[in-house]
Every structure is written in structure tokens, then in C-alpha cells.
Amino acid sequence: MNPAAEALRQQLKPDRGWLERLGDEFEQPYMQTLADFLAREEQAGKTLFPARQHCFNALNSTPFDKVSVVILGQDPYHGPGQAHGLCFSVRPGVRTPPSLVNIFKEIQAELGIDPPDHGCLQPWADQGVLLLNAVLTVVQGQAGAHQGQGWEHFTDRVIEHINAEREGVVFLLWGSYAQKKGRIIDRNRHLVLQGPHPSPLSAHRGFFGCGHFRQTNDWLVEKGRPPIDWGLPNQEELIARYKKGR
């Protein structure tokens, strides 16, 4: 394994069940090429989001055997201070992006939960919602800059392991990109809910009114598993919670 790939592999926490399934990926040519590419980007002075230590935040936040729901995104946000390794999520104190505003609107319409005063979805990840982008890094100010460099293959492997080794997971696939990536999912074993992307450009075409959050919880309860609390603490409580390491 080359040094860049080893450095990247070390960002996966060893106690979450992902390293034992994905560790060999870092020895594959595509992953070594990707790791070298990321190293060159950094050496060229480019700012990558999220920072290296946060690129696997989705996997490190949600252990493999705790995954109940998978939400698939495309790339990280490319503005300063936004991306922290969870799709659709931003750090506390950062303005909530438009797609996430629409997600909160749909949750309010379905479940009567008021939108929070922030856009940090870490509490969802802690409950078993894998917030996975297809591409795990981006260059500041350049949306899609790291597409086609190998991340898509790695995140396909993530989905393949969940599909094959877990039962009754809910996959929320919003927009054509996520739906194409979800083609490998066995719909006889998992619940796949598809709809338009929550972007302001498409939310009115069927994301609003999709009922996905209620359907997700109904499915989980039917399977004897706890529903997701789609509500979020306010920003002050959230910050205090994670300062305490919760």
C-alpha cells in the first residue's frame, strides 16, 4: 500500500465495522491512484472539503451494524466551513443550504416537526442514518471537482456491503444521480424510496409530499426497530451535546 493510501485508510475508525470490510480497498489500484491524486491536490495548494480527517465522517459516525437508513448525496458542499463529511449537512453556525431547507419543510409537513435553527445532521447519523455522498471530497469553489477520480467506486462498495450483509435497510434516493447509484440494491430485502431531489429546482416535482420520512419510520417499526427521531436539538443544545462527546 502506498503512503498516501495508508494515510487515507487511517482516517477510518477501526471500531465501526467498516475498516474490516473496506480495508482491502485501499490496496486496490483505483484507491491508490485516488489517494495520490488527493495528495497532489493538497501539495498544489488547493483547499479540499471536507478536511482529510473528516472525509469518512459518514462511516465513522454510523457503525455498519447500526445502519437503518441510507441517504445518498452527490458531492460535499464546496463553500468554506460547510462540509463536514455528512451529505446535506453543514456545521452549526453555517447557513442552512436550500436543499436542506426543503428537507426540513417536508419533515414538518409529514410529522409536524419544526425546522431547527441550524443544518447539522449529526444526530441523525448517530441514530443510524448513513449520510453518504457518492464523492467524498471537493475543491473549494469547484463543485464536482473530484468526480470520476475513484470515490464513486469506493462508495459503491459501501452500498454493496450494506445490500449484501444487512436486512431491511431503508434507502432514500432523491434525484436521478442517487437513483442510478442505487441500482444494485435488492428491493426484496430493503425498502427503496425514490423521488425528485430536494433542490429548489426540482422539489416541487414530487419531493414535497413524498412521505418518505413517515414511510421510513413505519417500515422500521414494522421490522421491530426504533424509528428515527427526525427532529433536531437547537443549535445551542447541539453544540453543548457534542462538546461533551455525545
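This structure is a prediction, so every number in the text was calculated from the model and none was measured.
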**OP:** Would you mind checking if Glu165 and Arg21 are paired as a salt bridge, meaning a charged N to carboxylate O distance below 4.0 Å?
**Re:** yes
Original post:
How many angstroms lie between OG in Ser199 and CG in Asn102, if you round to the nearest 0.5 Å?
Top reply: 7.5 Å
**OP:** Go through the side-chain N and O atoms of Trp174 and His212 and say whether any donor and acceptor fall under 3.5 Å apart.
**Re:** yes
**OP:** Find the distance between CD (Glu6) and CD (Gln11) and round it off to the nearest 0.5 Å.
**Re:** 10.0 Å
Subject >> Heavy-atom pair of closest approach, residues Phe104 and His118 >> reply: CE1-O, 3.5 Å
Subject >> Check: His78 and Gln142 side chains under 4.5 Å, non-hydrogen atoms >> reply: no
**OP:** Look at Lys46 together with Glu42 and state whether they make a salt bridge at an N to O cut-off of under 4.0 Å.
**Re:** no
**OP:** State, to 0.1 Å, how close Lys13 and Arg16 come at their nearest heavy-atom pair, and which atoms those are.
**Re:** NZ-NH2, 3.5 Å
Original post:
What about the rings of Phe56 and Trp151, do their centers lie closer together than 6.0 Å?
Top reply: yes
Original post:
Under the 3.5 angstrom rule, does the side chain of Gln82 hit a backbone N or O of Gly79 as a donor-acceptor pair?
Top reply: yes
Original post:
Could you state the interatomic distance from CD1 (Ile184) to CD1 (Ile162), rounded to the nearest 0.5 Å?
Top reply: 9.0 Å
Original post:
Under a 4.0 Å N-O cut-off, is there an ion pair linking Glu110 with Arg214?
Top reply: no
Subject >> Evaluation steps, side-chain contact (heavy atoms from CB on, under 4.5 Å), between Arg9 and Leu19 >> reply: CA-CA 8 Å; Arg9 187 187 69 85; Leu19 185 59; 3.8 Å; yes
**OP:** List the steps, then state whether side-chain contact (heavy atoms from CB on, under 4.5 Å) holds for Gln122 with Tyr242.
**Re:** CA-CA 9 Å; Gln122 187 70 48; Tyr242 290 107; 3.4 Å; yes
Subject >> Heavy-atom closest pair, residues Ala83 and Pro76 >> reply: CB-CB, 3.9 Å
**OP:** May I ask you to say whether Lys223 pairs ionically with Glu167, meaning some side-chain N is under 4.0 Å from a carboxylate O?
**Re:** no
**OP:** Describe, in one word, how the ring planes of His197 and Phe88 are oriented to each other, choosing from parallel (under 30°), tilted (30 to 60°) and perpendicular (over 60°).
**Re:** tilted
**OP:** Assign the ring pair Phe213 / Trp124 to parallel, tilted or perpendicular, where the plane angle (0 to 90°) is split at 30° and 60°.
**Re:** tilted
Original post:
What is the minimum heavy-atom distance between Val94 and Gly81, and which atoms define it?
Top reply: CG2-O, 3.2 Å
**OP:** Calculate, to the nearest 0.5 Å, the distance between atoms CG and CZ belonging to Leu100 and Arg95 respectively.
**Re:** 12.5 Å
Original post:
Are side-chain heavy atoms of Val169 and Ile185 found at a separation under 4.5 Å?
Top reply: no
Original post:
Does a side-chain heavy-atom distance below 4.5 Å link Leu72 with Gln179?
Top reply: no
Which donor-acceptor pairs under 3.5 Å do side chains of residues 127-136 form with protein atoms, sequence neighbours excluded?
from: Gln127; atom 1: OE1; to: Asp229; atom 2: N; distance (Å): 2.8
from: Gln127; atom 1: NE2; to: Pro123; atom 2: O; distance (Å): 3.2
from: Gln127; atom 1: NE2; to: Asp229; atom 2: O; distance (Å): 3.0
from: Asn133; atom 1: OD1; to: Gln74; atom 2: N; distance (Å): 3.2

Subject >> Point-to-point distance, once rounded to the nearest 0.5 Å, from CG of Asp65 to CZ of Arg166 >> reply: 6.5 Å
Original post:
Can you name the closest pair of heavy atoms from Ser202 and Pro196 and give their distance?
Top reply: O-CB, 3.6 Å
**OP:** Check for a donor-acceptor pair, side chain of Trp18 on one end and backbone N or O of Thr62 on the other, with a separation under 3.5 Å.
**Re:** yes
Original post:
What is the minimum heavy-atom distance between Gly211 and Glu106, and which atoms define it?
Top reply: N-OE2, 3.3 Å
Original post:
Sequence neighbours excluded, which residues qualify as side-chain hydrogen bond (donor to acceptor under 3.5 Å, both in side chains) partners of Tyr30?
Top reply: Glu25
Subject >> Audit row: Gln28, Gln32, side-chain hydrogen bond (donor to acceptor under 3.5 Å, both in side chains) steps and yes/no >> reply: CA-CA 6 Å; Gln28 300 301 313; Gln32 302 207 23; over 6 Å; no
**OP:** Kindly determine whether Val70 and Ile159 satisfy side-chain contact (heavy atoms from CB on, under 4.5 Å), including the steps that lead there.
**Re:** CA-CA 9 Å; Val70 178; Ile159 296 170; 5.5 Å; no
Subject >> ring pair (Phe, Tyr, Trp, His ring centres under 6.0 Å) partners for His84, two or more places apart >> reply: none
Original post:
Is a side-chain N or O of Glu41 found less than 3.5 angstrom from the main chain of Val139, in a donor-acceptor match?
Top reply: no
Original post:
Below 4.5 Å, heavy atoms only, C-beta onward: do Val138 and Leu48 meet side chain to side chain?
Top reply: no
Original post:
Can you tell me how far the CD1 atom of Ile71 sits from the OG atom of Ser89, to the nearest 0.5 Å?
Top reply: 10.5 Å
